[in-house]
Amino acid sequence: MAQSVGIKDVARVAGVSVGTVSNVINRPDTVAAETRARVLSAIDRLGYVRSESARQLRAGRSRIMGLLVLDMGNPFFVDVARGAERAARAAGLGVMVCNSAQNASEEADYLSLFAEQRVRGVLLTPADATGRNIEAFRRHGIPFVLVDRVAEGTTECSVSVDDVAGGALAVRHLVDAGHRSLAYVSGPPGLNQVRDRRTGALNALAEAGLGPQALRELPTERLDVAAGRDAGARLLGLADRPTAVFCANDLLALGVLQAMYAAGVGVPDDLAIVGYDDIEFAAAAAVPLTSVRQPAVTMGALAAELLLEETETGSAPHEHRRVVLRPELVVRRSSLSAR
């Protein structure tokens with residue numbers, strides 16, 4: 001295995017001191033042009049790359065922020081990462097993206113990794129409903145911002161969408177279309193987003209004079225297409241099948257749509273479907289999917305900007321903020337049935 005080239009090797013080949021090489025790398029204007037050219041030539045010839053991690057450890061300041069999301073298989077979180085990366089790159093930083101897979105144990109492992117790497121800060125969509133992982137991470141003194149989650153009971157910054165309002169938008173649309181028997185394909189009950197969207201759905205039913213019995217919940221262990229197909233199969237097995245279904249995210253909705261298509265159930269004539277997130281695939285589905293849009297790229301960018309503001313040295317004292325964005329209903333053919 002080839003040995004790495006160090007700063008001492010560059011100094012030896014260039015015939016200068018280690019301090020001169022360091023100056024060429026970090027303060028080139030302090031070194032005479034001829035000497036600087038000789039050092040740069042040696043760097044090029046040897047293929048020297050400085051150890052950024054070592055420099056960061058000495059300075060106590062990383063150029064990396066961590067991003068830990070629930071599921072990188074979900075295009076919603078890909079868009080969140082895109083927004084965060086855009087803001088980080090504008091500030092000269094990189095983003096280390098990790099996936100907890102909705103697993104509290106994996107989340108704890110990645111948070112420990114971030115602490116070991118002394119990242120600048122962390123953008124976090126929590127998987128652990130108990131909050132123990134956050135409490136353990138807080139002891140490291142590394143700033144973090146909650147993404148797609150309101151910072152309830154904490155002082156940290158957060159950027160989220162009003163999921164109660166989003167759930168109400170979805171079900172109000174279905175009720176206005178004449179539906180009186182609905183299903184909610186939810187997800188892991190420990191996720192605040194799932195609970196809040198259900199609360200919004202029940203609020204919309206109450207506004208219409210309908211009780212909670214008008215909404216039958218079909219929980220799922222995960223928020224993916226396979227779980228949606230499974231929920232669709234359960235929906236098909238109901239004797240008194242609802243005429244409309246609201247899904248906690250678009251991947252679930254696409255799975256339900258697949259199950260209906262395979263069973264010959266017409267969408268939207270036999271069953272109206274509304275999803276959540278408005279991922280790119282929603283509009284491209286066999287039956288274009290009505291969905292509650294979340295501004296995912298904006299969410300990621302705002303969260304990164306809040307973290308950068310908190311970690312900038314020499315700036316005014318940071319004030320923690322909770323940013324709550326508004327969702328938007330995007331109506332497509334999957335819910336346009338006449339009742």
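Basis for what follows: all heavy atoms, side chains included, without hydrogens, waters or symmetry-related copies.
- Looking at Ser181, its side chain never comes within 3.5 Å of a backbone N or O of Ala214 through a donor-acceptor pair.
- Separating the CZ atom in Arg197 from the CG atom in Asp162 is a distance of 11.0 Å, to the nearest 0.5 Å.
- Formation of a donor-acceptor pair under 3.5 Å by the Arg195 side chain with backbone atoms of Pro189 is found in this model.
- Ion pair Arg138/Glu135 flagged as a salt bridge, since at least one NZ, NE, NH1 or NH2 atom sits closer than 4.0 Å to an Asp/Glu carboxylate oxygen.
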- Pair Asp163-Gln193, side-chain hydrogen bond (donor to acceptor under 3.5 Å, both in side chains): steps then yes or no: CA-CA 6 Å; Asp163 283 317; Gln193 298 92 326; 5.6 Å; no
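- The minimum heavy-atom distance linking Phe246 with Gly275 is given by the pair CE1-O, 4.1 Å.
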- In sequence, state the C-alpha distance, the side-chain angles, and the governing distance for Val97 and Met72, and then conclude on side chain to side chain contact (heavy atoms under 4.5 Å, CB included). CA-CA 9 Å; Val97 182; Met72 279 306 294; 3.8 Å; yes
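- Taking all atoms of both residues into account, the shortest heavy-atom contact from Ala87 to Leu308 is O-CD1, 3.8 Å.
- Atom CZ of Phe77 is separated from atom CG of Leu68 by 10.0 Å, given to the nearest 0.5 angstrom.
- Look at Arg120 and Glu310 and you find no salt bridge, because none of the NZ, NE, NH1 or NH2 atoms lies under 4.0 Å from a carboxylate O.
- The structure places CZ of Arg293 at 13.5 Å from CG of Leu325, a figure rounded to the nearest 0.5 Å.
- Shortest non-hydrogen contact noted between Val292 and Pro327 is CG1-CB, 3.6 Å.
- Taken to the nearest 0.5 Å, the CG atom of Leu223 stands 12.5 Å off from the OH atom of Tyr276.
- Val161 and Val324 make their closest contact through C-CG1, 4.2 Å (heavy atoms, listed as atom of the first residue, atom of the second, distance).
- Relative to the ring axis of Tyr184, Arg216 does not place its NZ or CZ within 45° and under 6.0 Å from the centre.
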- Message: What verdict does the side-chain hydrogen bond (donor to acceptor under 3.5 Å, both in side chains) test give for Ser186 and Glu217, after you've listed the backbone C-alpha separation in whole Å, the side-chain angles of each residue and the deciding distance to 0.1 Å?
- Response: CA-CA 7 Å; Ser186 58; Glu217 185 168 0; 2.8 Å; yes
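- Under a 3.5 Å cut-off, the side chain of Ser112 and the backbone N or O of Ala108 do form a donor-acceptor pair.
- With hydrophobic clusters built from ILVMFWY side chains whose heavy atoms lie under 4.5 angstrom apart, Val265 shares a cluster with Val225.
- One hydrophobic cluster, built from ILVMFWY side chains closer than 4.5 Å, holds both Phe281 and Leu252.
- Under a hydrophobic-cluster definition in which Ile, Leu, Val, Met, Phe, Trp and Tyr are linked whenever side-chain heavy atoms come within less than 4.5 Å, directly or via other members, Leu205 and Val164 are assigned to different clusters.
- Listed for the Thr125 side chain is a donor-acceptor partner under 3.5 Å among the backbone atoms of Val147.
- The side-chain heavy atoms of Leu169 and Arg172, taken from C-beta on, include a pair separated by under 4.5 Å.
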- Audit row: His179, Val175, side chain to side chain contact (heavy atoms under 4.5 Å, CB included) steps and yes/no: CA-CA 5 Å; His179 297 280; Val175 169; 5.9 Å; no
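- In this structure, CG on Leu236 lies 5.5 Å from CZ on Arg241, to the nearest 0.5 angstrom.
- A donor-acceptor pair is defined here as one N or O able to donate and one able to accept, closer than 3.5 Å; no such pair exists between the side chain of Arg229 and the backbone of Gln258.
- In terms of hydrophobic clustering, with Ile, Leu, Val, Met, Phe, Trp and Tyr side chains grouped at heavy-atom distances under 4.5 Å, Tyr261 and Leu251 are assigned to different clusters.
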- What do the steps show when you test Asp250 against Ser291 for side-chain hydrogen bond (donor to acceptor under 3.5 Å, both in side chains), and what is the final call? CA-CA 7 Å; Asp250 285 341; Ser291 184; 2.8 Å; yes
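- Counting non-hydrogen atoms of neighbouring residues, nucleotides and ligands closer than 6.0 angstrom, the CZ atom of Arg27 exceeds 12 such neighbours.
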- Task: For Thr35 and Thr20, run side chain to side chain contact (heavy atoms under 4.5 Å, CB included): C-alpha distance rounded to whole Å, both residues' side-chain angles, the deciding distance at 0.1 Å, then the answer.
- Result: CA-CA 9 Å; Thr35 304; Thr20 298; 3.8 Å; yes
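- Considering all non-hydrogen atoms of both residues, Thr311 and Pro143 come closest at CG2-CG, 3.7 Å.
- Around CZ of Arg180, the count of heavy atoms belonging to other residues, nucleotides or ligands within 6.0 Å exceeds 12.
- A salt bridge links Arg234 with Asp230: at least one charged nitrogen is closer than 4.0 Å to a carboxylate oxygen.
- Side chain of Arg38 to backbone of Ala14: a donor-acceptor contact under 3.5 angstrom is found.
- At a threshold of 4.5 Å between non-hydrogen side-chain atoms, the residues Leu191 and Pro188 count as touching.
- Atom CD of Glu207 has more than 12 heavy atoms from other residues, nucleotides or ligands within 6.0 Å.
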- Item | side chain to side chain contact (heavy atoms under 4.5 Å, CB included) assessment of Val330 paired with Thr290 | CA-CA 6 Å; Val330 181; Thr290 294; over 6 Å; no
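- In this structure, the side chains of Leu235 and Leu271 come closer than 4.5 Å at one or more pairs of heavy atoms.
- One hydrophobic cluster, built from ILVMFWY side chains closer than 4.5 Å, holds both Leu113 and Phe144.
- Side-chain atoms of Phe114 and Met96, non-hydrogen and from C-beta on, do get closer than 4.5 Å to each other.
- Here the CG-CG distance, from Asn249 to Asp277, works out to 5.5 Å after rounding to the nearest 0.5 Å.
- Arg89 places no side-chain N or O within donor-acceptor distance of the main-chain N or O of Gly94, the cut-off being under 3.5 Å.
- Using a 4.5 Å cut-off on side-chain heavy atoms (C-beta onward), Val18 and Lys8 make contact.
- Of the residues Leu238, Val245, Asp240, the one that meets the side chain to side chain contact (heavy atoms under 4.5 Å, CB included) test with Pro242 is Leu238.
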- Decide yes or no on salt bridge (charged side-chain N to carboxylate O under 4.0 Å, His left out) for Glu107 and Arg132, but give the supporting numbers first. CA-CA 11 Å; Glu107 176 182 82; Arg132 284 193 289 266; over 6 Å; no
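- By the 4.5 Å heavy-atom criterion applied to side chains, Val267 and Leu257 are counted as neighbours.
- Shown here for Ile273 and Cys247, the closest heavy-atom pair between the two residues is CG2-SG, 4.5 Å.
- A salt bridge links Asp278 with Arg332: the distance from a Lys NZ or Arg NE/NH1/NH2 to an Asp or Glu carboxylate oxygen falls below 4.0 Å.
- A donor-acceptor pair shorter than 3.5 Å can be found between the side chains of Ser335 and His173.
- Between the side chain of Asp128 and the main chain of Asn133, a donor-acceptor pair closer than 3.5 Å is present.
- Between Arg149 and Pro126 the shortest side-chain heavy-atom distance falls below 4.5 Å.
- Remark: the backbone N or O of Leu146 is not paired with any side-chain donor or acceptor of Ser158 at under 3.5 angstrom.
- Between Gln294 and Asp148 there is a side-chain heavy-atom pair separated by less than 4.5 Å.
- Residue Val21 is tested with Val39, Val31, Val13 for a side chain to side chain contact (heavy atoms under 4.5 Å, CB included); the sole match is Val39.
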